[in-house]
There are 2 protein chains.
Amino acid sequence: MNSLHNIKIVLIETSHSGNIGSAARAMKTMGLTQLRLVSPKQEIDDQAIALSAGAKDVLEQVEIFENFNDAVADCQLVIGTSARHRHLQSTLIEPRACGELTVQRANQGNVGVIFGRERVGLTNEELLKCHYHLNVPTNPEYGSLNLAMAVQLVSYEIRMAWLNLQNKPQNLPLVDYPTTEALEHFFAHTESLYKELGFIKNDAVMLKLRRLYQRAELESTELNLLRGMLTAVEKYKK
Amino acid sequence: MNSLHNIKIVLIETSHSGNIGSAARAMKTMGLTQLRLVSPKQEIDDQAIALSAGAKDVLEQVEIFENFNDAVADCQLVIGTSARHRHLQSTLIEPRACGELTVQRANQGNVGVIFGRERVGLTNEELLKCHYHLNVPTNPEYGSLNLAMAVQLVSYEIRMAWLNLQNKPQNLPLVDYPTTEALEHFFAHTESLYKELGFIKNDAVMLKLRRLYQRAELESTELNLLRGMLTAVEKYKK
């Protein structure tokens, strides 16, 4: 099954039915179809249907819940949108990371992305029930993002992450990376040999070599090659 | 001056004034303020102002033009939104690349990002006048992105690219990279030495070494170090 199906967009106590319709349209343009509402203040009316445009099917299969807990009960990961609160610092993520995380975890189970009330967002109690808190890095002088616009941005980042995943070749040859121990052997071997050759006279050389090979994320076959080169020099020396 | 000021969002013959207001709000949430209209079908009316919410200032300084040419006359780069036309393949970019390109070029001069008519987009003649063509990778079964939503997505990617640029340390120590010629010298030197040592017997070794050092994007000081190591072995050999 398409993993996008496991992604549930949850709107809490939405005041304007038009926002529900616009959110449904925004979701569908990005391939999302699972919309959940918690105690909406207005029903899905003509205004909602008009604004959903060609996404009426999303509204037709909407799931309505009485409270937050019920709406996320079957979700393994819950991400709530939030302003940039200081006490949430360690769990704040931006839309891009939210898209990646959501798509990744949707392979295993349901993920809920929660959007709060138009004016007051999510309550503190609701925020506490979210694993991560999504913050859109808006203009600090004017951050008034419309609810459906926020749904559009998040749905877009989810689609981008999903497309990236589809485009990755599925059967990448597994690369074998050396253990730290094997790497340290190589560094020690290099150091002793080039000290004997009179080339290494201080710590700077090994620091530079470590930086280079760490940056390159040396693969096992490459490490074997470099070790072979050391041995070739040693053999010659004897 | 803030380079975001050089970014002009241009709406062509917009049918609904509400879309103009929503677009203004979308822009302002992402720090953009320069809106241009080409022959709008409806004036900026109460509906536009209501939907602009706190972005009335963007509407107040809007610039109105009679035609496409006048609206982009002072722009050094023009990007037009478009469906995925085959004949545009070589100039198609996605919103993320659009954001990066726009921000980069806005440091030098004006950049116009053009949004076509609600139903029919840009004409072929207009598309021809754009350097790049922006395509949002929407759901192939339902790509009906509302005009203001498209403005929101593009403005968001512009802001993300702009924030990335702000966050980059301005005084990064300049890294010096070797020329291809210098790299080729190193590879040739390595090959001849390790052939003499009896280690290199076929092409595989040099292919692996090239792959490793290309991936690492060898810096000049690192290249000098590796060349020094070759010379140390050679000296010993003599």
Side-chain angles (χ1 to χ4, degrees), chain A residues 22 25-32 51 53-55 57 94-96 136-146 148-150 152-153 156-157 159-160 163 190 193-194 196-200 204-205 208-209 211-213 215-219 221-222 225-226 228-229 231-233 235-237, chain B residues 22 25-32 51 53-55 57 94-96 136-146 148-150 152-153 156-157 159-160 163 190 193-194 196-200 204-205 208-209 211-213 215-219 221-222 225-226 228-229 231-233 235-237:
Chain A
S22 294
R25 178 177 177 181
M27 287 168 58
K28 193 173 174 187
T29 59
M30 298 299 155
L32 299 179
L51 284 170
D57 53 330
E94 294 196 346
R96 193 153 306 163
V136 181
T138 47
N139 181 357
E141 283 157 30
Y142 181 75
S144 170
L145 201 59
N146 167 273
M149 289 288 189
Q152 182 75 71
L153 286 184
Y156 160 76
E157 285 288 11
R159 183 167 191 80
M160 292 302 288
L163 286 172
T190 304
L193 177 63
Y194 281 87
E196 265 186 78
L197 296 181
F199 180 73
I200 293 187
V205 169
K208 275 190 193 169
L209 285 179
R211 177 172 168 272
L212 162 61
Y213 291 123
R215 191 178 71 227
E217 293 186 84
L218 215 51
E219 299 172 7
T221 56
E222 292 166 346
L225 178 67
L226 294 174
M229 290 167 79
T231 308
V233 173
K235 267 189 198 150
Y236 188 89
K237 219 161 50 74
Chain B
S22 294
R25 177 177 177 182
M27 288 168 58
K28 193 172 174 187
T29 60
M30 298 298 155
L32 299 179
L51 285 170
D57 53 330
E94 294 195 346
R96 192 152 307 163
V136 182
T138 47
N139 181 356
E141 283 156 29
Y142 180 74
S144 170
L145 202 60
N146 168 271
M149 291 286 189
Q152 182 75 71
L153 286 184
Y156 159 76
E157 285 288 11
R159 183 166 191 81
M160 292 301 290
L163 287 172
T190 304
L193 177 63
Y194 281 86
E196 265 185 79
L197 296 181
F199 180 73
I200 293 187
V205 170
K208 274 190 193 169
L209 285 179
R211 176 172 168 273
L212 162 60
Y213 291 124
R215 191 178 70 228
E217 294 187 83
L218 215 52
E219 299 173 6
T221 56
E222 291 166 347
L225 177 66
L226 294 175
M229 289 167 79
T231 309
V233 174
K235 267 191 198 149
Y236 188 87
K237 217 160 52 74

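Chain letters run A, B, ... following the sequence lines, proteins first, then strands; residues in each count from 1.
Put simply, of A/A53, A/P95, A/G198, the one with the most heavy-atom pairs under 4.5 Å next to chain B is A/P95. Contacts with chain B were tallied for A/E196, A/Q152, A/M160, A/R96; A/R96 has the most, counting heavy-atom pairs under 4.5 Å. Interface check for chain B: of the options A/A232, A/G54, A/A148, A/G143, the most heavy-atom pairs under 4.5 Å are formed by A/G54. Counting heavy-atom pairs closer than 4.5 Å to chain A, the top-ranked of the candidates B/L197, B/V136, B/T190 is B/L197. Between chain B and the residues A/L163, A/L209, A/T221, the most heavy-atom pairs under 4.5 angstrom are made by A/L209.
In this structure, CD in A/E141 is found 8.0 Å from NZ in B/K28, a value given to the nearest 0.5 Å. Rounded to the nearest 0.5 Å, atoms CE (A/M229) and CG (B/L193) are 8.0 Å apart. Atom OH in A/Y194 sits 9.5 Å away from atom CG in B/L225 (nearest 0.5 Å). Atom CE of B/M27 sits about 11.5 Å away from atom CG of A/N139, to the nearest 0.5 Å. Atom-to-atom distance recorded for A/E217:CD and B/L212:CG is 11.5 Å, nearest 0.5 angstrom.
B/L226 touches chain A through its side chain: at least one heavy atom from C-beta onward sits under 4.5 Å away, while N, CA, C and O do not. Proximity to chain A (any heavy atom under 4.5 Å) is shown, for B/T231, by neither the backbone nor the side chain. No part of B/A204 comes within reach of chain A, as not one of its non-hydrogen atoms sits under 4.5 angstrom from that chain. Only the side chain of B/A26 comes within less than 4.5 Å of a heavy atom of chain A; its backbone N, CA, C and O stay farther away. The parts of B/L218 that come within reach of chain A are both its backbone and its side chain, each placing non-hydrogen atoms under 4.5 angstrom from that chain.
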If you apply the rule salt bridge (Lys or Arg N to Asp or Glu O under 4.0 Å), what do you find for B/R211 with A/E222, and how did you get there?
CA-CA 10 Å; B/R211 176 172 168 273; A/E222 292 166 346; 2.9 Å; yes

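Checking A/Y156 against B/E157 by side-chain atom types alone, a donor-acceptor pair falls below 3.5 Å.
Here the side chains of A/E219 and B/K208 are not in contact, with every heavy-atom distance at 4.5 Å or above. Taking the side chain as every heavy atom from C-beta outward, A/Y236 and B/V233 never approach each other to under 4.5 Å. Residues B/N146 and A/R25 form a side-chain contact, since some pair of their non-hydrogen atoms from C-beta on lies under 4.5 Å apart.
Closest heavy-atom contact between A/R159 and B/P137: NE-O, 2.8 Å.
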